[in-house]
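Side chains included, hydrogens not; waters and symmetry mates left out as well; all remaining heavy atoms used.
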Amino acid sequence: MNLIVNGESVETKAKTVSELLAERGVTNRVAVEVDGHVVPYDEFSGYTLREGSHVEIIAFVGGGCG
């Protein structure tokens with residue numbers, strides 16, 4: 001299946017958000033949006049991806065003013 005992930009075309013065998021994250025080696029907590037819909041964390045394993053979906057994976061980065 002072909003997806004657009006963070007603006008790049010990606011060929012994947014992943015069928016769910018969880019599978020996509022595992023395939024890409026994402027182990028930290030992230031927010032995921034699929035086709036403009038924010039996917040709740042507890043739905044990652046059951047959220048089915050579709051051919052051509054646009055996926056945004058957003059990682060949280062700590063930091064601040066010192």
| said: For L49 versus A14, what's the shortest heavy-atom pair and its separation? | reply: CD1-O, 4.4 Å
| Between CD on residue E23 and OG on residue S18, distance to nearest 0.5 Å | 12.5 Å
| message | Looking at I57, is its backbone amide N or carbonyl O close enough to the side chain of N6 to form a donor-acceptor pair, meaning the two atoms are under 3.5 Å apart? | response | yes
| request: Group every Ile, Leu, Val, Met, Phe, Trp and Tyr by side-chain heavy-atom contacts under 4.5 Å, then state whether V55 and I58 land in the same group. | output: no
| Within 45° cone of F60 ring axis and under 6.0 Å: R29 NZ or CZ | no
| field | Contact summary for S45 and T16, nearest pair of heavy atoms | value | O-CG2, 3.4 Å
| field | Heavy atoms from other residues, nucleotides or ligands near CD of E51 exceed 12 (cutoff 6.0 Å) | value | yes
| said: With clusters defined by side-chain heavy atoms of hydrophobic residues (ILVMFWY) lying less than 4.5 Å apart, directly or transitively, does V30 cluster with Y41? | reply: yes
| field | Connected via hydrophobic side-chain network under 4.5 Å: M1 and L21 | value | yes
| said: Before you tell me yes or no, could you show the steps for D35 and R50 under side chain to side chain contact (heavy atoms under 4.5 Å, CB included), namely the whole-Å CA-CA distance, both residues' side-chain angles and the distance that decides it to 0.1 Å? | reply: CA-CA 10 Å; D35 295 327; R50 293 184 169 71; 5.7 Å; no
| Cluster question for you: counting only ILVMFWY and a side-chain heavy-atom cut-off of under 4.5 Å, with indirect links fine, are I4 and V10 together? | no
